[in-house]
Visitor: 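So that we are looking at the same thing, I have put the structure below in structure tokens.
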Protein chains: 2
Amino acid sequence: MSFDAVARVRRFNRAVTSEVGALDTSFLGRGRPLGSARVLNAIGHGRGDVGELRDYLGLDSGLMSRLLRGLEEEGLVETVPQTGDARRRIARLTAAGEAEFEAYETISDAQAAALLQRDPHAESLLAAMDRVAVALGRARITIEEQDPRGPAARVCLERYYAELARRFEQGFDVARSRDPDAADMVRPRGAFLLAMLDGGPLGCVGLKGQGGEMGEIKRLWVAEAARGFGLARLLMQAAENAAREIGIGVLRLDTNRALPEARRLYETSGWTEIPRFNDDPYPDAFFEKRF
Amino acid sequence: MSFDAVARVRRFNRAVTSEVGALDTSFLGRGRPLGSARVLNAIGHGRGDVGELRDYLGLDSGLMSRLLRGLEEEGLVETVPQTGDARRRIARLTAAGEAEFEAYETISDAQAAALLQRDPHAESLLAAMDRVAVALGRARITIEEQDPRGPAARVCLERYYAELARRFEQGFDVARSRDPDAADMVRPRGAFLLAMLDGGPLGCVGLKGQGGEMGEIKRLWVAEAARGFGLARLLMQAAENAAREIGIGVLRLDTNRALPEARRLYETSGWTEIPRFNDDPYPDAFFEKRF
DNA sequence: CCAATTGCCTGACTAAAGTCAGACATCATG
DNA sequence: CATGATGTCTGACTTTAGTCAGGCAATTGG
């Protein structure tokens, strides 16, 4: 590694600290101390369990309790005992709290949008941010099953199609391809899996079923920023597990020579090449796996 | 811009905040409140002037004064009146302060190194971090004249050569090229300019003189993360200004078709193509500018 | 040389953040 | 059903951070 690698990381830290600090102080603009604001936001983002909150924010139990009570007195939060274990408490936003939370979200969104706006090449900035987020948050990546028509899935699919269009010599048009029916990638027939980090998608794979024991893998894609971490393998694993649950015993897929990394993945994870099994104009290689 | 651009920025913010927070709390591990630690580090990084310090850290003058005195009592810092204006004061580290500062630096460096180490593709992570740092710190980029044999310059040149090797079909070997003598790129004969952000280089350009009114532009390079912001143009402008100061009235340069963005820059900033004027094996296009 | 300004310092605050010991209710278990 | 463990809350702190009004010395500009 070149001498200055560490210096480059530290330059990054410096640049980012001042930006993050700016966000913090802008939170103060709403007349609430940072601590309370952080608690309110964490609750708004779905962290209800008081213990989990304390853990996430790294606060002492006494301080946590006091902050919560402060928010309660403002009428922004209410806490109820957890059903099943009344020692634990769950905090949730009241209507007023929801409104206040939205105000903070608006501030954050506006700052993010402003940053993108003042950059002449926002797309490359976003890609770089994704890359950094993955490096820092790798441990938090999870595989989730979601509807292929949901927003996160749609983002993945759009980016997947765009990438195919870039990489195939003849371009790519979804309409000409054998686009699987969404219903075939939802239980009970199939499944659609997403790799998620902090609420946003990083990759996807579709398991298309037809009710029988045959299934097909479709739409395997990983965001460029998240490549090289074995995510594709994880997604495929999850898809195979789903197939097993659904009762599918034979999986097929098609691919193209313009995607050598995909081919390598299949070849090293138990797939065998078979003759063409469809008339889709794009693929030129076909694989099968039984289990 | 796709629907989720803002969401991606916010995911980045979240990932980075926890990392930065971790650094902050690790600073606390040395038993000093964050405020004092920040002052100590700012001084260590060469920010001596008390007013500048206050400005940089965004602190009230009273608080600043108190923090400084605290550090003085610990024997880490001493302040002396500025020669010329005894109202202003300059803070500098004592030997003990230097040692303490180094300890903080070591913590930061170790965290940075650990981050790189646990990433399977550190080079791409660094590139992404550079890209983000540029986006956030664009306003802080400056053009500085430095020795072409200094560390920052050497980093640039190495990356420049590596890029030529990647982009030229026949590769690139400095030894075979007309490598300018460093002394020709230092005053009084020439100059070497760097685009700097937060102490690290983002690009460079060499102005090679021979004592006469002819000069040559060499080694124009901008880090990939900083392209598209007009840095090359700024560097060229600075080189021309330096040429004017030195008494150079005619500038030449050579380039290669494998670098179309360079060619475009020359064509749109007053350069005219001329016949080959040297026998370097790599260039295939030659330009001149008079002023 | 006098008045206004500048740069830093001090004292006297307030607010926020963080700590710690114990109280209290609830839960799990033998 | 007694016992210990768990999760949250309360009260009584200390430490940091931040604010504001003046004070003092040095400097600047008539």
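Proteins come first, then strands; the chains are lettered A, B, ... in the order of their sequence lines, and each starts at number 1. Note that the coordinates shown come from a computational prediction; the quantities given were computed from them, not determined experimentally.
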Visitor: Does the side chain of B:Arg88 get closer than 4.0 angstrom to OP1 or OP2 of D:dA26 through an N or O atom?
Guide: no
Visitor: Taking any heavy-atom pair under 4.0 Å as a contact, classify A:Asp60: base, sugar-phosphate, or nothing.
Guide: base
Visitor: Rounded to the nearest angstrom, tell me the gap between atom CZ in B:Arg87 and atom C1' in D:dA26.
Guide: 6 Å
Visitor: Using a cut-off of 4.0 Å on non-hydrogen atoms, how would the nucleic acid contact of A:Gly84 be classed: base, sugar-phosphate, or nothing?
Guide: sugar-phosphate
Visitor: Counting the atoms with a prime plus P, OP1 and OP2 as sugar-phosphate, which does B:Arg66 contact under 4.0 Å by heavy atoms, base, sugar-phosphate, or nothing?
Guide: base
Visitor: Rounded to whole Å, how long is the line connecting atom CD of B:Glu72 with atom P of C:dC9?
Guide: 8 Å
Visitor: Please report the distance, rounded to the nearest Å, between CZ in A:Arg89 and C1' in D:dC9.
Guide: 9 Å
Visitor: May I have the distance from B:Leu53 (atom CG) to C:dG7 (atom P), rounded to whole angstrom?
Guide: 15 Å
Visitor: Between B:Arg187 and B:Glu145, is there a salt bridge with N-O shorter than 4.0 Å?
Guide: yes
Visitor: Within this structure, what is the CG-to-P distance between B:Leu67 and C:dT10, rounded to whole angstrom?
Guide: 13 Å
Visitor: Given C:dC8, C:dA17, D:dC9, which nucleotide is nearest the side-chain atoms of A:Pro33?
Guide: C:dA17
Visitor: Just the rounded figure in Å: distance from P of D:dG7 to CD of A:Gln82.
Guide: 10 Å
Visitor: B:Arg54 side chain: which of C:dG18, D:dG18, C:dC8 is closest?
Guide: C:dC8
Visitor: Take atom CG of B:Leu34 and atom C1' of C:dA16, then tell me their distance rounded to the nearest Å.
Guide: 15 Å
Visitor: Inspect the contact between A:Asp60 and A:Arg66 and indicate whether a charged nitrogen and a carboxylate oxygen are less than 4.0 angstrom apart.
Guide: no
Visitor: Is B:Glu105 salt-bridged to A:Arg10, cutoff N-O under 4.0 Å?
Guide: yes
Visitor: In whole angstrom, what separates A:Asp85's CG from D:dA5's C1'?
Guide: 12 Å
Visitor: Heavy-atom distance under 4.5 Å between the side chains of A:Ile90 and A:Val50, does that happen here?
Guide: no
Visitor: Does some side-chain heavy atom of B:Phe12 sit less than 4.5 Å from a side-chain heavy atom of B:Arg8?
Guide: no
Visitor: Assign B:Arg69 to base, sugar-phosphate, or nothing according to its heavy-atom contacts below 4.0 angstrom with the strands shown.
Guide: sugar-phosphate
Visitor: Specify the residue among A:Gly35 and B:Leu63 whose closest nucleotide of DNA chain C lies further upstream toward the 5′ end.
Guide: B:Leu63
Visitor: Base, sugar-phosphate or nothing for A:Gly58? Non-hydrogen atoms, less than 4.0 Å.
Guide: nothing
